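Below, read A as the first sequence line, B as the second, and so on, with proteins coming before strands; counting in each chain starts at 1. Here the structure is a predicted model, which is why all the values come from computation and not from measurement.
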There are 2 protein chains.
Amino acid sequence: MDASLLTIQPNAPDPIYRQIVEQLRRLIASGQLTSGELLPSVREVAGFHAINPMTVSRAYGMAEAEGLLERLRGKGMAVAATRRTVQSESQRMALLESQLQELARHANELELPAEPVLRRLAKLLGD
Amino acid sequence: MDASLLTIQPNAPDPIYRQIVEQLRRLIASGQLTSGELLPSVREVAGFHAINPMTVSRAYGMAEAEGLLERLRGKGMAVAATRRTVQSESQRMALLESQLQELARHANELELPAEPVLRRLAKLLGD
DNA sequence: CCAAGTGTATTGTTGTATTGATACACATGG
DNA sequence: CCATGTGTATCAATACAACAATACACTTGG
């Protein structure tokens with residue numbers, strides 16, 4: 001994996017370390033990061049995105065605590081061996097559930113009918 | 001409007017005052033709060049949700065700065081007179097756009113096909 | 001007039017989150 | 001062996017959010 005594959009928005013509402021953890025969670029669930037694959041070093045990621053190495057380290061540490069990554073002493077962090085298989089579609093859907101619920105709540109507060117919302121999302125998903 | 005209509009999650013990632021402002025924005029855009037309608041007092045909202053009155057005041061102040069509310073001295077806050085008409089569907093859709101984009105990005109990272117995502121959202125919107 | 005209701009400015013405190021700078025322990029690989 | 005690469009513990013610096021307790025200016029309604 002290359003450091004450039006991580007999307008980081010320094011001015012986003014949620015902190016950088018969480019952006020990283022959540023992206024790792026999804027990339028691993030989908031199999032874009034495969035078991036045993038070595039991640040870019042904290043300094044590499046930090047240098048590329050002009051952020052502090054400790055911020056990356058914190059993200060890696062949380063991902064390890066979550067069981068996503070494991071540390072290879074002296075080599076770096078790798079996708080955990082327990083993540084052998086791509087998660088099922090329903091398992092991956094579960095990772096979107098809360099976001100979908102929040103979206104539905106907002107659409108409801110806006111009194112928007114389902115159709116235009118679904119149409120817009122379909123367009124965004126279809127590229 | 002009744003204080004119980006506001007949804008407040010004290011443990012949510014974004015601060016209480018912003019939750020309030022954003023909800024007001026949507027409720028006004030959809031016409032669920034109509035021009036001139038009086039809002040519950042800061043003490044009323046604060047008491048109902050067990051939060052600090054100043055937190056509510058801060059939210060009201062920001063909503064006023066945004067042109068959503070106007071203050072009626074001695075009476076409280078009311079939906080601004082300039083908000084005479086319900087916003088068009090496309091204007092309300094615009095308030096969902098960034099959230100839709102983020103959702104699409106996450107679905108992509110999860111390598112989820114469009115169909116199950118749209119189906120789940122349709123279910124959530126249809127109640 | 002005046003008690004009771006508005007919102008708000010003020011000051012201070014508390015707790016937490018986020019990022020950063022530095023130094024360290026450790027394993028690797030020539 | 002040891003330079004070089006890992007990750008990270010530690011401490012510090014901010015910034016932010018919420019709360020608390022007042023006090024104040026204002027309007028309403030009796």
Review point. Taking it one step at a time, do A/Arg119 and A/Glu115 satisfy salt bridge (charged side-chain N to carboxylate O under 4.0 Å, His left out)?
Key: CA-CA 6 Å; A/Arg119 191 146 33 84; A/Glu115 183 246 336; 2.7 Å; yes
Point to revise | Test salt bridge (charged side-chain N to carboxylate O under 4.0 Å, His left out) applied to A/Arg25 and A/Glu66, step by step | key: CA-CA 9 Å; A/Arg25 199 178 292 144; A/Glu66 197 176 324; 2.7 Å; yes
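Under a 3.5 Å cut-off, the side chain of B/Gln23 and the backbone N or O of B/Ile20 do not form any donor-acceptor pair. The backbone N or O of B/Leu110 lies less than 3.5 Å from a partner atom in the side chain of A/Arg92, making a donor-acceptor pair. A donor-acceptor pair under 3.5 Å is formed between the side chain of A/Ser35 and the backbone N or O of A/Ala80. At least one donor-acceptor pair under 3.5 Å links the side chain of A/Gln19 to the backbone N or O of A/Gln9.
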Review point. What one-letter contact string describes nucleotides 2-20 of chain C from 5' to 3', where B marks a base within less than 4.0 Å of any protein heavy atom, S marks contact via sugar-phosphate atoms alone, and - marks no contact?
Key: ---BBBBBB-------BBB
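What you find for B/Thr82 and B/Gly67 is that their closest heavy atoms are OG1-O, 4.0 Å.
Note that the first and last nucleotides of DNA chain D, 5' to 3', having any atom under 4.0 angstrom from a heavy atom of chain B are D/dA17 to D/dT28.
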